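Quick notes on the structure that follows.
None of these values were measured; they are calculated from a predicted model.
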Amino acid sequence: MRRPAPVSPPVALTVAGSDSGGGAGIQADVKTMEAHGVFGTSVLTAVTAQNTRGVASSYTLPTSEIEAQFDAVLDDFTLGAVKTGMLATREVIETVTDRLDGVDAPLVVDPVMVATSGDRLLSADAESAYEELVAAATLVTPNTDEAAVLSGVDVTDPESAGEAAERLVEMGAKAALVKGGHLDGARVVDTLVVSDRLRAGRAPRDDDAPDAPGTPDAPTGLATHRFEHPRVDTDATHGSGCALSSAIAARLARGESLVEAVDGGTDFLHRAVRYGLDVGEGPGAVHHLVELRERAARQETVEAVASVVEEFVARDVSLLVPEVGMNVVGATPYAESPDETAAVEGRITRTFSGVHPNRGVRLGASSHVARFLLAAREVDPSRRFAVNCRFADDVEAALSALDGSVAEFDRAAEPDDSATEEGNTMQWGARRAFESTERTPVAVVDRGAVGKERIVKLLAADADTLVARTLTLLDAVEAER
């Protein structure tokens, strides 16, 4: 028999309703906690019949059953954090507030009042009952509509969001995060206000300071932080509030400070929304396991890039290697930064006996080609692989052999404020090239600038296709000679 090797993850509790569609509520909370390395326990408050299109019905559990669940969890587990979601009625809110009194763990209150679909999840007479629960919260996480109901402040921009958050702190919460997803603008701005009470009883940490990572513009005793992300053009945001509050609670259970937890939680949600789950007939749901899936895909991506390099060495692609060297880059399906792309460290160079990678393949080894690929993925996320090749008259003539459109960009047209860094040029160039063609191009030509080599980059959705396109181009160049 094998010896057992148990692990002891932090434990968190979610007190919320069930979503039969799986995208929000208890289901979203437990998935998100597990993805963050935290064991999720639950107290079910209500059962909803819902899916990606809306809520058909809702049944609130008797408070005696809610209390029984509390008894079972609190009697057996040491909790690292608690979060609340859908509480539905005044009686449930009061029961939950009473049962959480004395629980020695950070409390994240997500005051769920209306579903993403617009369906009401809280009775009107229960809104005022939230005051005591808000006062007990380590953090309260309303959207702009919920913040307006709780604080009396009409939230129309980040400044009024800060006012509403301050009012919630005045009500007793140690911190308030007013989410900006419902506001207009190209960027989503989430506003966090933290009270000095949060740090009482322990030495302040560096990331609790008023100037990290946000803006210190609140009155004395309060620190304001703003977290900004580009807006994702999607309606698939079902479960976004549940996922964010659960992610923050899980990070608190792991021992992160509040600012760290909110910073990491908002980053997680941005990726979870961008790579949402296309399930059901409605808009879909956020991807609760997106960061877990991203990490799981890294080794596979490294191996895929290594296989491309082996093919190029075996075939000897010397005729396509530019003076600056060639690099093959692969992005994980959820990549958001160069650190989540695999490439050859030191690039591929020509030798007397063919081509040779200077070192092995690793994550984060490319900046230039990686930033170009990430920019291309902003337009077409299915593009996961790219390679930079020499560009000259013979290569230009050979591009017609490729099965697909060829685009290009002219650095002379680049705005001055974009050209300050090479990475910015790559992002601008990719966007410009994609805008010039109706279909995703298979190759993008960069005709360079003064002192810059001319380059063509090939794009593909998978490693095999990238190899096939590169060798097709090589065959055509050889035929031209």
Using modelled atom types and a 3.5 Å cut-off, is there a donor and acceptor pairing between side-chain atoms of Ser42 and backbone atoms of Ile26? no
Quick one: does any side-chain atom of Arg431 pair with a main-chain N or O of Ala376 as donor and acceptor, under 3.5 Å? no
Looking only at the side chains, is there a donor atom on one of [X] and [Y] sitting less than 3.5 Å from an acceptor on the other?
| X | Y | value |
| --- | --- | --- |
| Lys83 | Ser245 | yes |
| Tyr130 | Glu146 | no |
| Thr301 | Arg384 | yes |
| Thr32 | Asp29 | no |
| Thr95 | Glu67 | no |
| Asp380 | Ser382 | yes |
| Glu65 | Gln69 | no |

Using atom types as modelled, flag every donor-acceptor pair under 3.5 Å from a side chain in residues 281-292 to any protein atom, sequence neighbours excluded.
{"residue": "His287", "atom": "ND1", "partner": "Leu289", "partner atom": "N", "Å": "3.4"}
{"residue": "His287", "atom": "ND1", "partner": "Val290", "partner atom": "N", "Å": "3.3"}
{"residue": "His288", "atom": "NE2", "partner": "Gly23", "partner atom": "O", "Å": "2.9"}

[Y]/[X] salt bridge by N-O under 4.0 Å criterion:
| X | Y | value |
| --- | --- | --- |
| Asp110 | Lys179 | yes |
| Arg295 | Glu340 | no |
| Glu378 | Arg383 | no |
| Asp190 | Arg226 | no |

Hey, could you give me each pair passing ring-ring contact (aromatic ring centres under 6.0 Å, His included) that has a residue in residues 251-272? Not counting sequence neighbours. His36-Phe268, His229-His270
When [X] is tested against each of [options] for side-chain contact (heavy atoms from CB on, under 4.5 Å), which residue passes?
| X | options | answer |
| --- | --- | --- |
| Val15 | Leu107, Leu87, Leu44 | Leu87 |
| Val155 | Thr191, Asn143, Thr144, Asp145 | Thr144 |
| Thr41 | Val30, Thr14, Val11 | Val11 |

Can you list the residues that meet the side chain to side chain donor-acceptor pair (under 3.5 Å) rule with Thr60, with sequence neighbours excluded? none
Who pairs with Thr45 by side chain to side chain donor-acceptor pair (under 3.5 Å), at least two apart in sequence or on another chain? none
Could you tell me which residues satisfy side-chain contact (heavy atoms from CB on, under 4.5 Å) with Ala460, sequence neighbours excluded, listed by chain and number? Thr465, Leu466, Arg469
Residues which pass side-chain contact (heavy atoms from CB on, under 4.5 Å) with Glu91, listed by chain and number, not counting sequence neighbours: Thr63, Thr89
Taking it one step at a time, do Arg167 and Glu163 satisfy salt bridge (Lys or Arg N to Asp or Glu O under 4.0 Å)? CA-CA 6 Å; Arg167 189 75 58 84; Glu163 294 174 17; over 6 Å; no
